[in-house]
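Some notes on the structure that comes next.
Side chains are part of it too, since the values below use all heavy atoms of this structure and drop only hydrogens, waters and symmetry mates.
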Amino acid sequence: MKIRLPVLWGRPADVDYSAEQLKLSDILPKTGQTINVYFSEDDSPAYKENPHVLWKPPLTEMNGWSEQPSDILHSYVVTGQLTFLRQVPQGNKDATPLERMVEKSLEYELLITDVQPLLKLCDMVETMSAELWQERYGSKTLSDLLQARNDNGTLFGYSNDSDWAAVRWAGMASIGDYIYLNFSCYEAHYDLLLQQERNQLFVHYFSADICGLIERYIAYKKLPPSETAGLKSLMARAVALKDSFGDYLLIDA
């Protein structure tokens with residue numbers, strides 16, 4: 001299941017995003033709603049694609065899950081039908097910070113047909129039959145990505161311990177039944193949601209930005225022993241990630 005991540009989601013006009021606390025029900029996209037969404041040219045949906053788009057609460061939309069790991073519990077996958085509107089111009093000297101953020105991006109109108117919690121889909125990808133998952137969401141494997149990268153079945157392409165030792169920084173948090181792992185190495189940045197069964201690691205969410213080549217998937221992938229060992233070496237030295245913004249989100253949805 002390929003996941004798209006926009007530059008920015010449109011904001012409801014009647015919500016004050018500068019408030020100390022936001023109600024999730026006020027800001028979460030809803031089925032049947034039409035909302036504007038902005039994608040970068042490098043990560044825009046294909047022609048006639050009905051994309052699965054990741055929605056994060058506003059603080060992690062801007063700063064990433066590593067700044068507020070609990071927001072993973074309140075992240076959603078929004079599916080819909082797109083209508084292209086325009087490429088946003090740049091150079092407006094009076095633009096607000098949000099307007100500057102979307103300059104040169106591609107603006108679409110999204111008619112929402114489905115909204116599902118991210119972690120619910122991460123659970124379902126393991127338990128739902130491959131045929132039913134394929135019908136609803138596309139492939140539940142990472143076979144296309146792996147074939148495009150290499151022929152040895154590895155996600156990260158790190159062949160020995162020295163490659164994993166080159167990872168500059170790693171952060172980790174426990175989120176429900178999942179391990180959230182965030183790390184960077186050279187020009188590559190990864191966000192993972194993992195589950196551990198005995199000594200084995202399984203990937204349920206995979207996000208990689210490697211020199212601007214962006215891939216994001218919900219899938220179910222048993223990692224080979226070499227990559228399980230490599231990730232465990234990162235987990236052993238990872239920084240414990242904690243929420244940086246307190247209880248800014250009121251969970252009423």
Side-chain angles (χ1 to χ4, degrees), residues 1-3 5 54 56 60 63-75 77 117-128 130 133 139-211 213-244:
M1 181 182 187
K2 186 172 181 63
I3 300 295
L5 181 66
L54 183 61
K56 300 177 182 179
T60 44
N63 301 293
W65 283 331
S66 60
E67 294 296 318
Q68 189 85 357
S70 68
D71 269 4
I72 296 172
L73 294 166
H74 314 300
S75 295
V77 175
L118 170 66
L119 294 188
K120 177 181 176 182
L121 289 173
C122 288
D123 291 341
M124 288 168 56
V125 72
E126 176 184 0
T127 59
M128 186 179 288
W133 183 271
S139 175
K140 67 187 299 182
T141 73
L142 293 169
S143 57
D144 291 342
L145 174 62
L146 295 173
Q147 289 171 8
R149 288 187 171 190
N150 52 58
D151 59 2
N152 62 3
T154 63
L155 272 180
F156 305 98
Y158 300 161
S159 57
N160 53 53
D161 291 346
S162 62
D163 291 331
W164 292 102
V167 172
R168 301 188 300 269
W169 182 90
M172 185 175 70
S174 294
I175 305 295
D177 295 330
Y178 291 90
I179 300 164
Y180 168 57
L181 185 64
N182 169 284
F183 67 94
S184 300
C185 185
Y186 303 116
E187 299 301 318
H189 179 81
Y190 295 94
D191 265 340
L192 307 175
L193 288 173
L194 307 165
Q195 283 192 330
Q196 182 167 346
E197 298 178 16
R198 297 181 182 177
N199 294 321
Q200 181 64 53
L201 289 177
F202 294 82
V203 173
H204 288 248
Y205 175 80
F206 174 85
S207 172
D209 184 342
I210 304 173
C211 299
L213 178 62
I214 301 167
E215 300 285 359
R216 296 183 190 88
Y217 292 89
I218 293 174
Y220 185 62
K221 165 71 174 171
K222 179 181 178 180
L223 292 173
S226 60
E227 293 196 317
T228 290
L231 288 178
K232 284 184 175 181
S233 73
L234 298 186
M235 292 159 62
R237 59 184 174 94
V239 173
L241 299 175
K242 298 180 180 179
D243 286 356
S244 301

Inset, instruction - Might you confirm whether atom CD of E187 has over 12 heavy atoms from other residues, nucleotides or ligands at distances under 6.0 Å? - result: no

Inset, instruction - Anything under 30° is parallel, anything over 60° is perpendicular, the rest tilted; go ahead and classify F206 against Y190. - result: tilted

Inset, instruction - Please test F156 against L192 for side-chain contact (heavy atoms from CB on, under 4.5 Å), starting from the C-alpha separation and ending with a verdict. - result: CA-CA 12 Å; F156 305 98; L192 307 175; 3.7 Å; yes

Legend entry - Side-chain donor-acceptor pair present, S70, D243, cut-off under 3.5 Å: yes

Legend entry - Check: V203 and L194 side chains under 4.5 Å, non-hydrogen atoms: yes

Legend entry - Heavy-atom side-chain contact between N182 and W65 under 4.5 Å: no

Inset, instruction - May I ask you to decide if N199's main-chain N or O and K232's side chain share a donor-acceptor pair within less than 3.5 Å? - result: yes

Inset, instruction - Return yes when atom CG of D177 has more than 12 non-hydrogen atoms of other residues, nucleotides or ligands closer than 6.0 Å, and no otherwise. - result: no

Legend entry - Smallest separation among heavy atoms of A238 and M172, with atom names: CB-CB, 3.8 Å

Legend entry - Minimum side-chain heavy-atom gap L119-I175 below 4.5 Å: yes

Legend entry - Check: V125 and Y205 side chains under 4.5 Å, non-hydrogen atoms: no

Legend entry - Test item: Y178 side-chain N/O and C122 main-chain N/O as donor-acceptor pair under 3.5 Å: yes

Inset, instruction - Say whether, by atom type as modelled, one donor and one acceptor occur between the side chain of S75 and the main chain of L118 under 3.5 angstrom. - result: no

Legend entry - Note, M124 side chain near M1 side chain (heavy atom, < 4.5 Å): no

Inset, instruction - Specify whether H204 and Y220 have parallel, tilted or perpendicular ring planes, treating 30° as the upper limit for parallel and 60° as the lower limit for perpendicular. - result: perpendicular

Inset, instruction - Measure from the side-chain N and O atoms of E67 to the backbone N and O of T60, and report whether any donor-acceptor pair falls under 3.5 Å. - result: no

